[in-house]
Amino acid sequence: MEASVWITGLRLKFPGSSGLWFDRLSLAVRPGEKVLLLGPSGCGKSTLLQVLAGLIPSVIEIPMKSEDAGRPDSWGYLFQDPDAQFCMPYVDEELAFVLENLCVARGEMDERIDQLLERVGLGKDLRHAPIASLSGGMKQRLAMASLLALEPDVWFLDEPSSLLDPEGTREIWDTVKRITSDKTVLIVEHKIDEIVDFVDRVVLFDASGCIIADGEPDRVFREHRRDLQSFGIWYPGVWEDYADGSLRAEGGELLYRLPATAGLPPERTGEPLVSLKAFTGYHGKEKKLEASHASIWPGEWIAVVGENGAGKSTLLSSLMQLIPTKGEYWLEGKQVQGLDDVVRKAAYVFQNPELQFIGSSVFEEVAYNFRRDGEPEEAVLARTAELLDSFGLAAQRGQHPYQLSLGQKRRLSVAAATVKAQRLLLLDEPTFGQDAANTFALLEKLEAWRQHDKMTIVMVTHDEDIVRRFATRVWEVKNGLLTADAEGWALSSGLLQDHEDALHAAEGAGRHAG
Amino acid sequence: MQQKELAAMLDKLTGRTTWLHRVNPSFKLLLSIAAFLVVLFTHNINILIHVTWMYTVLLFTSSGQPTRRLLLILLPFILLFVSSGASMVLFGTGETTWFRYGPVHITEESFFRGMHLGLKTVDTALVGLLLALTTNPVLLFYSLMQQLKLPAKYAYSFMAAIRLIGLSAAEYRTLRAAYLVRGVKTPRGLRGFAQSVQRYAIPLLAQSIRRAQRIAVAMEAKRFAASAARTYYYRVGWSASDALLAAVLLGIWACAWWFAAQLPHFSITDVR
Amino acid sequence: MSKGLKLTDILVTIVIAVVFGIIYRVWGDVYNVFKVPGIPLEQLIYGMWYMAATVAFLIIRKPGVALLAEVAAALFEMLLGSHYSVASLTYGIVQGLCAELTFAAFRYRNHSLVVAGLAGIASGLGALVMDIFGNYLMEYSPWLVVQYVLYRFVGAFLICGTLAYGLVKALEKTGVTQLVRPVSQDDLDALGK
Ligand SMILES: Nc1ncnc2c1ncn2[C@@H]1O[C@H](COP(=O)(O)OP(=O)(O)OP(=O)(O)O)[C@@H](O)[C@H]1O
Ligand SMILES: Nc1ncnc2c1ncn2[C@@H]1O[C@H](COP(=O)(O)OP(=O)(O)OP(=O)(O)O)[C@@H](O)[C@H]1O
Ligand SMILES: [Mg+2]
Ligand SMILES: [Mg+2]
């Protein structure tokens with residue numbers, strides 16, 4: 001067989017850990033094939049992709065063996081973590097670096113850079129922007145631009161659209177489809193709706209990294225529905241199955257169930273938990289967020305939506321007082337002056353999970369808050385174990401947080417921040433890079449907290465299904481402005497797209513409150 | 001892009017940009033090394049006295065830094081001069097004794113040797129300061145790569161490292177925010193200090209190492225190693241300033257030599 | 001396996017070196033404050049200037065790393081406007097070479113505190129030779145020279161051995177060292193044939 005990338009008899013061992021991964025896995029990809037690798041979070045997809053590209057073991061020294069392997073000559077790799085793939089401090093330098101490596105003449109570089117930026121939807125004014133000042137989604141777009149500059153024969157894409165807004169996701173995949181028609185493409189992705197038609201082949205992994213199915217997408221999704229459900233992997237139509245309660249394990253017991261209360265707004269009694277008036281947030285000297293008037297009532301679940309770079313993360317870090325703000329900000333009837341007024345009432349999950357870690361192991365990370373609150377050691381042990389279990393991290397308890405897969409990191413950061421039920425929970429894309437099982441589990445947990453502990457949730461997300469089914473209200477951020485404010489159902493009925501109606505809905509909500 | 005604009009753009013120092021900034025960084029480095037060697041093998045204190053004041057003039061006129069800041073920077077130089085010379089003055093060996101008390105033994109030879117040592121240190125430091133104040137490190141490594149054929153592996157590593165350290169300040173802030181968000185409290189006093197060093201230094205160093213490793217992986221993924229030849233987005237070239245600096249340094253040493261021969265302040269011309 | 005240093009090794013080494021370059025630069029001022037004529041106690045902390053070599057080697061454990069780290073740290077110290085200027089670079093080269101040779105003498109297989117300390121002492125020795133040529137060291141009274149050498153070696157052992165070893169142990173807990181060390185034979189054996 002003529003293959004462009006292949007490996008046989010692969011097994012691998014992380015230094016310092018005891019288990020082996022991949023138990024003699026073999027995989028071959030033919031030239032021009034488009035392959036989707038699907039599996040639960042932490043099953044080794046990213047690791048496998050790096051092995052196939054030859055990054056492991058030649059650049060990343062991880063002990064591994066295989067009988068035979070074929071690595072492509074011309075390849076490009078998009079890393080899962082948007083913060084882990086840039087080598088230069090500025091946008092133009094980053095792209096120029098690729099062009100330098102390809103020996104493109106200096107005279108052609110400027111034009112090429114402009115073209116590349118345009119193709120991934122980054123404006124010309126960002127040309128010499130510091131990469132550190134880009135939003136998560138903008139970084140992912142830039143990563144794609146470097147890949148386009150490389151024009152490789154074999155593309156390795158590790159969740160290239162996990163942080164992109166819906167429009168951006170479509171555009172990026174359209175571009176990839178157009179450019180790679182005669183190229184080999186290997187994709188790891190959880191958001192698969194855009195690509196099921198594009199790939200010729202789906203490879204399905206179980207939690208330990210063994211291949212359980214390999215074939216045409218239709219056939220795999222049809223014949224292995226049970227596996228997909230019990231491993232909690234995304235497949236087309238999973239949300240519908242979730243909503244009507246047909247996600248069942250092998251034995252037939254119900255795995256996940258959309259809570260009946262999901263999406264129901266709370267009664268608005270008494271004072272709002274948060275109210276903002278002429279509230280602005282700054283990055284350096286630049287105003288990047290403005291909310292002229294907004295309130296949050298106890299027990300609400302507010303979904304924050306908007307394009308990449310609109311200012312959603314900025315909104316959350318303003319609310320958490322991590323960046324300078326101006327204007328009025330009331331929390332539980334007290335005017336907020338700084339971080340100290342917020343830390344005891346609100347919990348925050350950063351968009352980049354790594355920014356959050358302070359412990360030296362997964363266990364320590366979660367146990368920290370219990371210990372801080374002076375709980376006895378047995379209780380700490382028991383409660384930490386329980387929490388880790390419910391976030392699917394029990395097996396990783398001894399690992400350092402940095403040694404987790406990205407999805408696991410994400411879950412750990414949410415687990416650590418939510419150890420104690422706070423009044424206000426600020427979550428920045430807590431479900432990106434998650435498999436279906438963990439997404440549903442997390443959402444159900446949040447919903448339970450909302451119901452029982454009257455926790456109030458503000459959550460940034462690009463997932464329209466989550467907005468539609470769980471949020472009780474939607475905030476849209478547009479060009480740094482908190483513009484629309486609508487009931488959760490509004491998005492599904494297309495109200496948000498229509499600015500007028502959305503504003504109208506916000507007014508209605510305000511009247512309702514008064 | 002012109003080297004001049006480039007220097008201005010990349011330059012974070014708040015001082016003025018002067019002709020010294022425009023000197024090719026590799027050339028400046030080589031000249032500094034040469035200047036150091038000349039100092040090292042000069043044993044005549046009369047020459048160094050003249051070199052010292054001329055270097056100081058050069059620093060004040062051409063480094064582009066405000067006078068007040070320069071004075072502040074130069075303050076420790078007095079300590080430097082004293083501390084590098086004092087031991088030799090007080091405890092050095094020599095024939096012509098001036099003063100003796102217990103272990104202290106000042107001789108004519110040791111006195112001049114001590115002064116000479118102090119001047120040597122100060123002169124070397126002045127050249128280093130000029131170099132540091134007028135050279136952008138990132139440009140230096142571009143230039144080393146382009147003019148002195150330093151392998152790209154090393155040059156890019158240096159540039160990446162310098163930038164990574166720049167990021168550490170931002171990282172420190174994030175880490176602090178994370179601690180605050182999680183409600184970590186630091187005790188006061190020495191214990192608190194020790195704890196915060198541990199809490200910040202180790203994670204920041206670990207994070208830098210990890211980031212370095214990832215940047216290397218990203219560079220490889222962008223086919224850095226695969227290319228033996230490469231083109232450059234930034235080019236560092238030559239200018240008239242290069243000749244000017246060479247002339248100025250030559251002038252300073254020639255003058256110092258001449259002054260020392262014409263009007264020696266001290267009779268000792270070799271301190272060894 | 002080790003055919004020269006790879007990009008990853010170089011980059012990580014230089015990042016460590018740049019951190020130490022900053023420390024070296026600050027150390028210049030600390031050192032001057034400690035200087036009291038006649039009591040060369042400042043020599044006890046002189047060893048800080050050899051630390052990049054041992055720390056980098058203890059972390060990465062590959063040939064060439066110690067030399068590269070020390071030279072890079074010294075170069076960076078110079079670029080930061082150190083008083084020692086070009087001298088710091090020349091000293092760095094000599095100190096790095098001495099540390100490197102020490103690790104090589106143990107065939108790069110010994111990563112213990114004692115060897116790290118010995119590497120520190122070797123660097124101190126190298127610097128001493130430089131001092132004899134550049135700073136007229138032998139022109140001091142003999143009793144001073146003896147103290148000078150003694151303090152320098154004790155300090156070098158404590159800083160490059162004990163301190164560096166402790167620092168690397170703390171880093172090991174974060175798991176980053178695994179990212180940059182060569183694959184161990186035990187791990188490869190565990191994978192079977
Ligand atoms: N250095 C390490 N030491 C020990 N275990 C590790 C290390 N690095 C990764 N792992 C484990 O290896 C497994 C595979 O990780 P990988 O990143 O390949 O997962 P993934 O399938 O890409 O998951 P995700 O969908 O969450 O990104 C994870 O369970 C992770 O905990
Ligand atoms: N540290 C920073 N310094 C300067 N500007 C920043 C910084 N962080 C973000 N910005 C800018 O602020 C704007 C809003 O960024 P923000 O991260 O809030 O976007 P976002 O809506 O969260 O996008 P995404 O969906 O991609 O995460 C962007 O224009 C971004 O470039
Ligand atoms: Mg992954
Ligand atoms: Mg964001």
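Order of the sequence lines fixes the chain letters, A, B, ..., with proteins taken first and strands second; residue numbering starts at 1 for each chain. Not measured: the values here are computed from a predicted model. Just the heavy atoms: all of them, side chains too, but no hydrogens, waters or symmetry mates, feed the values below.
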- request: Decide yes or no on side chain to side chain contact (heavy atoms under 4.5 Å, CB included) for C/Leu11 and B/Met219, but give the supporting numbers first.
  value: CA-CA 11 Å; C/Leu11 221 161; B/Met219 283 167 74; 3.8 Å; yes
statement: Of C/Gly81, C/Pro40, C/Ala170, C/Ser141, the largest count of non-hydrogen pairs under 4.5 angstrom with chain B goes to C/Ser141
- prompt: Contact part of C/Ile16 toward chain B, heavy-atom cut-off under 4.5 Å: side chain, backbone, both or neither?
  reply: side chain
From C/Lys6 atom NZ to B/Glu220 atom CD, the distance as rounded to the nearest 0.5 Å: 8.0 Å
query: Are C/Ile22 and B/Ile165 close enough that some pair of their side-chain heavy atoms sits under 4.5 Å apart?
result: yes
- request: Look at B/Ala86, B/Ala160, B/Ser157 and state which one has the largest set of heavy-atom pairs under 4.5 Å with chain C.
  value: B/Ser157
query: Could you state the interatomic distance from CG (B/Leu79) to CG (C/Asp29), rounded to the nearest 0.5 Å?
result: 8.5 Å
field: C/Thr174 side chain near B/Ile209 side chain, heavy-atom distance below 4.5 Å
entry: no
Most chain C-contacting option - heavy-atom pairs closer than 4.5 Å, from B/Leu80, B/Val39, B/Leu129: B/Leu80
task: Measure from the side-chain N and O atoms of B/Thr124 to the backbone N and O of C/Ser85, and report whether any donor-acceptor pair falls under 3.5 Å.
output: no
query: Between CZ of B/Arg210 and CG of C/Leu171, what distance do you get to the nearest 0.5 Å?
result: 13.0 Å
task: Could you have a look at C/Val176, C/Val180, C/Val18, C/Leu7 and say which one has the most heavy-atom pairs with chain B under 4.5 angstrom?
output: C/Leu7
query: Given the options B/Leu126, B/Val127, B/Ile33, B/Leu90, which has more heavy-atom pairs under 4.5 Å with chain C than any of the others?
result: B/Ile33
- prompt: Between the side chain of C/Lys35 and the main-chain N/O of B/Val82, is any donor-acceptor distance below 3.5 Å?
  reply: no
- request: Kindly compute the distance separating OG (B/Ser32) from CE (C/Met78), expressed to the nearest 0.5 Å.
  value: 6.5 Å
- prompt: Which atom names give the shortest non-hydrogen contact between B/Gln213 and C/Val12, and what distance separates them?
  reply: N-CG2, 3.9 Å
statement: Under 4.5 Å to a heavy atom of chain C? For B/Leu37 that would be neither
field: Over 12 foreign heavy atoms within 6.0 Å of CZ, B/Phe60
entry: yes
- prompt: Does OH belonging to B/Tyr179 count more than 12 external heavy atoms closer than 6.0 Å?
  reply: yes
- line: Under 4.5 Å to a heavy atom of chain B? For C/Tyr31 that would be neither
- request: Working to the nearest 0.5 Å, report the span between CZ of B/Arg113 and OH of C/Tyr140.
  value: 9.0 Å
field: Gap between atom OH of C/Tyr84 and atom OG of B/Ser84 - 0.5 Å precision
entry: 8.0 Å
- prompt: Considering only heavy atoms, which portion of C/Leu80 lies under 4.5 Å from any heavy atom of chain B: side chain, backbone, both, or neither?
  reply: backbone
- request: Quick one: closest heavy-atom pair of B/Tyr154 and C/Ile14, and the distance?
  value: O-CD1, 4.1 Å
- request: For side chain to side chain contact (heavy atoms under 4.5 Å, CB included), just list the numbers for C/Thr90 and B/Phe36, CA-CA rounded to whole Å, side-chain angles, deciding distance to a tenth of an Å, and then say yes or no.
  value: CA-CA 10 Å; C/Thr90 51; B/Phe36 164 71; 3.9 Å; yes
task: Could you check which of B/Ile202, B/Leu130, B/Ile162 has the highest count of heavy-atom pairs closer than 4.5 Å to chain C?
output: B/Ile202
query: What part of B/Leu29 lies closer than 4.5 angstrom to a heavy atom of chain C: side chain, backbone, both or neither?
result: side chain
field: Leading residue by heavy atom contact count with chain C [cutoff under 4.5 Å; candidates B/Ala201, B/Gly128, B/Ala216]
entry: B/Ala216
message: Counting only non-hydrogen atoms closer than 4.5 Å, does B/Tyr156 touch chain C with its backbone (N, CA, C, O), its side chain (CB onward), both, or neither?
response: neither
